[in-house]
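The structure appears below as structure tokens.
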Amino acid sequence: MRYISDDGKVFNTEEECLDHENSEKKRVEEERIKKEQFETERRKLLKEVQDLYSTLKGKVQEYDKKYGFHQKVYFTPLYDIMNMFYR
């Protein structure tokens, strides 16, 4: 008797079929966990970047109020930083 797994592969024994299905489920679960970890790390880093950007923006405004600009300070806008993370 032959056994067909959920993904269509054919096996000679039920045990082989079950082992294959379990390994596939495990692989899919590991991939899902990796994606979640990646997304969590990405969001955490993005939050840090946004906080630093806000701090920098505030310091530049503070400097402008105290001393005025003799030479314009340039820093990368947030959307440019965001684009770096998506490339």
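Throughout, numbering of the chain's residues begins at 1 and tracks the sequence.
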Would one find more than 12 heavy atoms of other residues, nucleotides or ligands at under 6.0 Å from atom CD of Glu15? no
Report the residues that fulfil side-chain contact (heavy atoms from CB on, under 4.5 Å) with Ile4, sequence neighbours left out, ordered by chain and then residue number. Val10
Among residues at least two apart in sequence or on other chains, which ones pass side-chain contact (heavy atoms from CB on, under 4.5 Å) with Gln37? Ile33
Partners meeting side-chain hydrogen bond (donor to acceptor under 3.5 Å, both in side chains) with Glu29 (sequence neighbours left out): Arg32
What are the two closest heavy atoms between Cys17 and Tyr3, and how far apart are they? CB-CB, 3.9 Å
Glu48: which residues meet the side-chain contact (heavy atoms from CB on, under 4.5 Å) condition with it, sequence neighbours left out? Lys44, Leu45
Once side-chain hydrogen bond (donor to acceptor under 3.5 Å, both in side chains) is applied, do any residues pair with Lys26, and if so which ones, sequence neighbours excluded? none
Who are the salt bridge (charged side-chain N to carboxylate O under 4.0 Å, His left out) partners of Glu31, not counting sequence neighbours? Arg27
Judged by atom type as modelled, is there a donor-acceptor pair below 3.5 Å linking the side chain of Glu21 to the main-chain atoms of Asp6? yes
Distance from Lys59 atom NZ to Gln61 atom CD, nearest 0.5 Å? 12.0 Å
Taking atom CG of Leu46 and atom CD of Glu39, what is their separation to the nearest 0.5 Å? 9.5 Å
Under 3.5 Å, side chain of Asn22 to main-chain N/O of Leu18, donor-acceptor pair present? yes
Mind checking what makes side-chain hydrogen bond (donor to acceptor under 3.5 Å, both in side chains) contact with Asp7, not counting sequence neighbours? Ser5, His20
Who clusters with Leu52? Use side-chain heavy atoms, under 4.5 angstrom, across I, L, V, M, F, W and Y, and order the result by chain and number. none
What residue pairs, at least two apart or across chains, pass ring-ring contact (aromatic ring centres under 6.0 Å, His included) with a residue in residues 29-51? none
Residues two or more places apart in sequence or in another chain: which of them pass side-chain hydrogen bond (donor to acceptor under 3.5 Å, both in side chains) with Arg2? Asn12
